[in-house]
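None of the values given here were measured: they were computed from a predicted structure. Here, residue 1 is the first one in the sequence, and each next residue gets the next number.
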Amino acid sequence: MRIKKNDTVYVLTGADRGKTGRVLHVNLKKGTAVVEGIRMRKRHQRPTQRNPKGGIVSIEGPIALSNLALYSSSQGGPVRIATRTLEEDGKKRRVRVDAKTGEEI
């Protein structure tokens, strides 16, 4: 998997194209992610103990992983990701790297 929770991502397509946000949740079965401040939807909520007033609240909706790219602050934009296996002290470890520069993400 290339995009994980707490990654900063760049939206490639859709109404929120060009925006960046932090990944809150990834659903591998559906191939979607929930990104902070992206694809905001209105939800009518009845009063509860947590929210005694109820009313209309804004929540983030899921967005397809194919419409997201990892955002690199050093590059100043979206980057393509490749994986590389490193061997340290006899242990293998898979890391994500920038496909162009080869720097570890």
Side-chain angles (χ1 to χ4, degrees):
M1 183 173 80
R2 295 175 181 227
I3 294 177
K4 299 179 180 181
K5 184 178 177 179
N6 292 326
D7 281 345
T8 302
V9 293
Y10 180 87
V11 181
L12 297 171
T13 61
D16 294 319
R17 178 179 169 185
K19 293 183 182 177
T20 59
R22 187 174 56 93
V23 176
L24 302 174
H25 176 75
V26 177
N27 187 342
L28 289 176
K29 286 187 179 181
K30 292 184 179 180
T32 60
V34 176
V35 182
E36 190 175 46
I38 304 295
R39 198 154 185 249
M40 297 301 289
R41 299 289 177 247
K42 300 286 187 185
R43 178 178 166 89
H44 297 264
Q45 198 164 14
R46 67 175 51 176
T48 61
Q49 284 185 344
R50 255 191 203 165
N51 185 6
K53 201 170 183 185
I56 302 171
V57 295
S58 292
I59 60 168
E60 291 92 356
I63 186 168
L65 289 172
S66 63
N67 296 335
L68 300 174
L70 199 64
Y71 181 82
S72 172
S73 57
S74 63
Q75 295 286 333
V79 293
R80 294 182 64 138
I81 305 169
T83 56
R84 190 169 290 151
T85 305
L86 300 178
E87 199 166 328
E88 297 172 357
D89 302 329
K91 295 182 180 179
K92 291 184 179 181
R93 184 176 70 120
R94 255 178 58 185
V95 294
R96 297 178 299 169
V97 296
D98 183 352
K100 265 187 187 174
T101 62
E103 73 179 61
E104 192 173 326
I105 297 174

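Contact detail for V23 and A33: the closest heavy-atom pair is CG1-CB, 4.4 Å. Closest heavy-atom contact between G37 and E60: N-OE2, 3.3 Å. Here the shortest heavy-atom pairing between P52 and P47 reads O-CB, 3.3 Å. R84 approaches G102 most closely through the heavy-atom pair NH1-O, 3.7 Å. Between V79 and S72, the shortest heavy-atom distance links the atoms CG1-CB, 3.6 Å.
Partners of E87 under the salt bridge (charged side-chain N to carboxylate O under 4.0 Å, His left out) rule, at least two apart in sequence or in another chain, do not exist in this structure. With sequence neighbours excluded, the residues forming a side-chain contact (heavy atoms from CB on, under 4.5 Å) with K30 are N27, T32, listed by chain and number. Partners of T20 according to the side-chain hydrogen bond (donor to acceptor under 3.5 Å, both in side chains) rule, which considers only residues two or more places apart in sequence or in another chain, do not exist here. In this structure D7 satisfies the salt bridge (charged side-chain N to carboxylate O under 4.0 Å, His left out) test together with R96, sequence neighbours excluded. K19 meets the side-chain hydrogen bond (donor to acceptor under 3.5 Å, both in side chains) test with D16; sequence neighbours excluded.
Remark: R80 CZ to Q75 CD distance equals 13.5 Å, nearest 0.5 Å. Between L86 atom CG and K92 atom NZ the span is 11.5 Å, to the nearest 0.5 Å. Taken from CZ in R94 to OG1 in T83, the straight-line distance is 5.0 Å, to the nearest 0.5 Å. Considering CD1 of I105 and CD1 of I81, their distance stands at 5.0 Å, rounded to 0.5 Å.
Hydrophobic clustering, with ILVMFWY side chains joined whenever heavy atoms are under 4.5 angstrom apart, groups I3 together with L28. A continuous path of Ile, Leu, Val, Met, Phe, Trp and Tyr side chains, each step under 4.5 Å between heavy atoms, connects V35 with V11, placing both in one hydrophobic cluster. V26 and I63 fall within the same hydrophobic cluster, defined by Ile, Leu, Val, Met, Phe, Trp and Tyr side-chain heavy atoms under 4.5 Å apart, directly or through other members. Two different hydrophobic clusters hold Y10 and L65 under the rule that ILVMFWY side chains link at heavy-atom gaps under 4.5 Å.
Within the structure, salt bridge (charged side-chain N to carboxylate O under 4.0 Å, His left out) pairs that include any residue of residues 33-57 comprise R22-E36 (at least two apart or interchain).
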